[in-house]
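These notes are about the structure you will find just below.
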Amino acid sequence: MGSMERLIEGTPGQEAAVWVQDRGGGPLRLRGHVLIEDLSGVLTRISSASGANGPLNPVTQFMLERAANHLAERLIDDARLGRQGRESVPRILSSALGHQPFIESVLEMSQHQMLRRWPLATDWYTDVINYVMRPTRFDDKFHRLVATMTEHADAPLGAFVRTFAREAFTYADNTKVIRVAEALQSLWPDYPPVRNAMASYRQHVKERYVPLYEAALEVYNLHLRPGLDLGNIGWAFNALHAREALEFFAEQTTTHTSAQGDEWSMTAWTVMLIIAGSVTDAEGNALHPDELAARLPSKPFSETLAQA
């Protein structure tokens, strides 16, 4: 095997050897193999669109593959169990919120202020995560949502859902802390403090929102199909919430326009599709999403919610 195996550009789907000269010179050395992908539309800032320094070059793809793995090791894999079976604190967390450096350098407070409250650094990190991910961080949003729903008690179900999605699944305040909570769940879902905080949040959401969903079904005279559970449906809504967060932070504005000309966020429209597959009218008839969108309330929302 030698340098004759070097490829200038590979073909997508082809396994290619990666021959690289080490730092400081010397002969070419086989560093491994890569499965060539078509990255021509992915690498938008690379200096060469083709050739030996382009997207289809094995060395280019080797560099990117190793970079992705290196980044994963720094961001994700450092929350694994240590040799003694204890959970290791993610390095990024400890470097950003170090027990002593944070209190002295960032807050400019004496160390005893920290030690009196959190003698152990791991306890400090856990409670910071508990605070960032506390379920009550969305309580103000929930109360505003209920108030808005009550004010629009005579709205068709479609308007109700659009308003609900806008109020419940978008962020207008404190986006930095909310973004950190989303990042913690994405990067370290198996890190015990994050895992436990996620479980608390899920239970809190169920306790908060399921009564709201039950009231909405009663207001619009709708009934769950046999065997379905509002808690599970609420989980689906919450999954959409997580996606909406990413769309919001990425400034995406994906919408759906109905046959009637109403514009929906994709979250609101997907919620309506889930509802259409989960409910019937009082006679057990399935309803098309457009029929549901036009459905009027049969009783005041505020009274129904108060009884929930």
Side-chain angles (χ1 to χ4, degrees), residues 1-96 129 175-176 178-195 198 236 239-256 266-267 270:
M1 299 174 67
S3 61
M4 293 295 293
E5 291 188 37
R6 294 175 64 198
L7 290 175
I8 300 301
E9 290 188 325
T11 302
Q14 172 187 11
E15 184 178 77
V18 179
W19 292 89
V20 182
Q21 188 177 46
D22 290 340
R23 182 178 60 182
L28 296 175
R29 183 165 66 91
L30 180 64
R31 299 292 294 274
H33 294 77
V34 295
L35 188 66
I36 298 295
E37 297 180 51
D38 184 3
L39 300 179
S40 56
V42 175
L43 309 182
T44 60
R45 305 301 294 271
I46 193 168
S47 61
S48 299
S50 61
N53 299 310
L56 290 174
N57 179 262
V59 177
T60 298
Q61 301 210 2
F62 172 82
M63 293 168 64
L64 291 164
E65 180 185 279
R66 292 302 186 273
N69 289 334
H70 184 75
L71 185 60
E73 289 172 359
R74 295 298 182 273
L75 294 180
I76 302 170
D77 291 345
D78 59 1
R80 294 174 296 184
L81 289 176
R83 292 181 179 179
Q84 286 76 36
R86 295 192 297 267
E87 296 84 7
S88 60
V89 176
R91 288 190 294 270
I92 293 175
L93 190 63
S94 61
S95 63
I129 289 174
T175 57
K176 286 186 177 180
I178 292 172
R179 189 185 299 223
V180 168
E182 297 295 329
L184 290 172
Q185 295 174 79
S186 298
L187 290 175
W188 306 313
D190 54 346
Y191 182 45
V194 175
R195 183 174 63 235
M198 288 175 67
L240 289 171
H241 173 206
R243 184 65 201 182
E244 180 74 17
L246 297 178
E247 298 282 342
F248 176 82
F249 292 137
E251 299 180 353
Q252 300 298 307
T253 55
T254 304
T255 59
H256 166 78
M266 284 305 298
T267 299
T270 306

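Because only heavy atoms are used, hydrogens play no part in the values below, and waters and symmetry mates are left out as well, while side chains stay in. Given the structure is predicted, the values throughout are model-derived calculations rather than measurements.
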Donor-acceptor list for residues 48-55 side chains, cut-off 3.5 Å, not counting sequence neighbours:
none

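Closest approach of Val20 to Val59, counting heavy atoms only: CG2-CG2, 4.1 Å. For the pair Val42 and Asp38, the tightest heavy-atom approach, listed with the atom from each and the gap, is CG2-O, 4.5 Å. The minimum heavy-atom distance between Arg195 and Pro189, with the atom names listed, is CB-O, 3.5 Å.
For the side chain to side chain contact (heavy atoms under 4.5 Å, CB included) with Glu65, the qualifying choice from Val34, Leu35, Thr60 is Val34, the only one to do so.
No side-chain heavy atom of Ile46 sits under 4.5 Å from any side-chain heavy atom of Leu39. Proximity of Leu7 to Gln14: side-chain heavy atoms (C-beta onward) are separated by under 4.5 Å at one or more points. Residues Tyr191 and Leu93 meet the side-chain proximity criterion, which asks for heavy atoms closer than 4.5 Å. Residues Ile36 and Thr11 form no side-chain contact, since every pair of their non-hydrogen atoms from C-beta on lies 4.5 Å or further apart.
By the salt bridge (charged side-chain N to carboxylate O under 4.0 Å, His left out) test, Arg31 pairs with Asp22, sequence neighbours left out.
For the pair Gln185 (side chain) and Val194 (backbone), a donor-acceptor distance under 3.5 Å is absent. The closest donor-acceptor contact from the side chain of Asn57 to the backbone of Glu9 lies at 3.5 Å or more, if one exists at all.
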